[in-house]
Amino acid sequence: QVQLVESGGGLVQPGGSLRLSCAASGLTFSSYRMSWYRQAPGKERELVARISFDGLRTEYVDSVKGRFTISRDNVQNTVYLRMNSLKSEDTAVYYCNADIVGVVIGRLNYWGQGTQVTVSS
């Protein structure tokens, strides 16, 4: 059974930092592309950052470029999101996502339960 368990969310003041973690189990982690999404109240879920299976390629939504960093540890089966210079508009539930596309397996996509990040003074 695949599990993605996020942690590290919380309340932080504007300008502060947090590091989110997502621990994966039940899948061959090093084969999966990993992503962080977020969903603010009344808004659609949006992609925040993505990292390739080997960690060599990353991409970010424009609003977090230069402030957030995604990384992964394929030994610890964990993906991270380092968030610096946090703003009130970063307030959202952050979700971890794992996905893979293969000729034989088709597309597999898994979600974590989410972790709340609140940026407020």
Side-chain angles (χ1 to χ4, degrees):
Q1 181 180 356
V2 174
Q3 283 192 311
L4 302 176
V5 180
E6 299 101 333
S7 61
L11 173 64
V12 63
Q13 292 186 343
S17 298
L18 283 175
R19 189 181 79 158
L20 305 183
S21 300
C22 171
S25 60
L27 74 171
T28 306
F29 181 78
S30 59
S31 296
Y32 281 73
R33 181 176 67 177
M34 299 299 298
S35 304
W36 287 96
Y37 286 75
R38 67 185 178 187
Q39 188 166 20
K43 295 187 177 181
E44 294 187 354
R45 191 173 297 189
E46 67 167 348
L47 174 65
V48 176
R50 174 168 285 162
I51 188 166
S52 60
F53 69 98
D54 54 9
L56 296 181
R57 295 180 302 279
T58 59
E59 58 183 277
Y60 300 90
V61 67
D62 285 346
S63 59
V64 308
K65 285 181 180 177
R67 300 189 297 122
F68 289 12
T69 303
I70 188 170
S71 61
R72 67 188 296 160
D73 185 333
N74 283 351
V75 174
Q76 296 295 324
N77 289 355
T78 302
V79 62
Y80 304 97
L81 185 67
R82 177 67 179 180
M83 306 185 293
N84 296 328
S85 303
L86 283 161
K87 305 175 181 179
S88 57
E89 50 263 45
D90 295 318
T91 295
V93 178
Y94 284 71
Y95 297 90
C96 177
N97 174 269
D99 82 284
I100 187 172
V101 178
V103 173
V104 175
I105 63 174
R107 181 164 196 172
L108 299 177
N109 191 277
Y110 303 101
W111 292 92
Q113 82 288 350
T115 185
Q116 176 71 46
V117 171
T118 302
V119 184
S120 175
S121 55

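All values below were derived from every heavy atom in this structure, side-chain atoms included, with hydrogens, water molecules and symmetry-related copies excluded.
At least one side-chain heavy atom of Gln116 sits under 4.5 Å from a side-chain heavy atom of Thr91. Side chains of Ser7 and Thr115 form no contact here, defined as non-hydrogen atoms less than 4.5 Å apart. By the 4.5 Å heavy-atom criterion applied to side chains, Asp90 and Phe68 are counted as neighbours.
The two residues Asp73 and Phe29 have their closest heavy-atom pair at O-CE2, 3.7 Å. When all heavy atoms of Ser71 and Ile51 are compared, the pair lying nearest together is CA-CD1, 3.8 Å. Nearest heavy-atom pair across Ala98 and Leu4 is N-CD1, 3.8 Å. In terms of heavy-atom proximity, Pro14 sits nearest to Ser120 at CD-C, 3.6 Å. Ala40 and Ala92 make their closest contact through N-CB, 3.8 Å (heavy atoms, listed as atom of the first residue, atom of the second, distance).
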Show me the donor-acceptor pairs, under 3.5 Å and distance only, between side chains in residues 41-50 and residues at least two apart or in other chains.
unit_1	atom_1	unit_2	atom_2	d
Glu46	OE2	Arg38	NE	2.7
Glu46	OE2	Arg38	NH2	3.1
Arg50	NE	Ser35	OG	2.9
Arg50	NH2	Tyr37	OH	2.9

Below 3.5 Å, can you tabulate the donor-acceptor pairs from side chains in residues 17-27 to any protein atom, sequence neighbours excluded?
unit_1	atom_1	unit_2	atom_2	d
Ser17	OG	Asn84	OD1	2.9

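No continuous path of hydrophobic side-chain contacts links Tyr80 to Met34 [ILVMFWY only; heavy atoms under 4.5 Å]. By the rule that hydrophobic residues join a cluster once side-chain heavy atoms approach within less than 4.5 Å of another member, Val93 and Val117 end up as members of separate clusters.
Sequence neighbours left out, the pairs with a member in residues 104-114 that pass side-chain hydrogen bond (donor to acceptor under 3.5 Å, both in side chains) are Glu6-Gln113, Asn97-Asn109, Asp99-Arg107, Asn109-Trp111. Among pairs with a residue in residues 23-89, none fulfils disulfide bond (SG atoms under 2.5 Å apart), at least two apart in sequence or across chains. For residues 84-109, no residue pair satisfies the ring-ring contact (aromatic ring centres under 6.0 Å, His included) rule, not counting sequence neighbours.
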Practice task
Please assess Leu81 against Thr69 for the test side-chain contact (heavy atoms from CB on, under 4.5 Å), listing each intermediate value before the final yes or no.
Solution key: CA-CA 6 Å; Leu81 185 67; Thr69 303; over 6 Å; no
Report task. Decide yes or no on side-chain contact (heavy atoms from CB on, under 4.5 Å) for Tyr60 and Thr58, but give the supporting numbers first. Result -> CA-CA 7 Å; Tyr60 300 90; Thr58 59; 3.7 Å; yes
Practice task
Please test Lys65 against Asp62 for salt bridge (charged side-chain N to carboxylate O under 4.0 Å, His left out), starting from the C-alpha separation and ending with a verdict.
Solution key: CA-CA 5 Å; Lys65 285 181 180 177; Asp62 285 346; 2.9 Å; yes
Thr118 vs Val12, side-chain contact (heavy atoms from CB on, under 4.5 Å): CA-CA, chis, key distance, verdict: CA-CA 6 Å; Thr118 302; Val12 63; over 6 Å; no
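For the pair Arg72 and Phe53, the cation-pi criterion (under 6.0 Å, within 45° of the ring axis) is not fulfilled.
Taking OG1 of Thr28 as the reference point, atom CD1 of Ile100 lies at 7.5 Å (rounded to 0.5 Å).
Counting Ile, Leu, Val, Met, Phe, Trp and Tyr side chains that sit under 4.5 Å apart, directly or through other members, Val101 stands alone, with no cluster partners.
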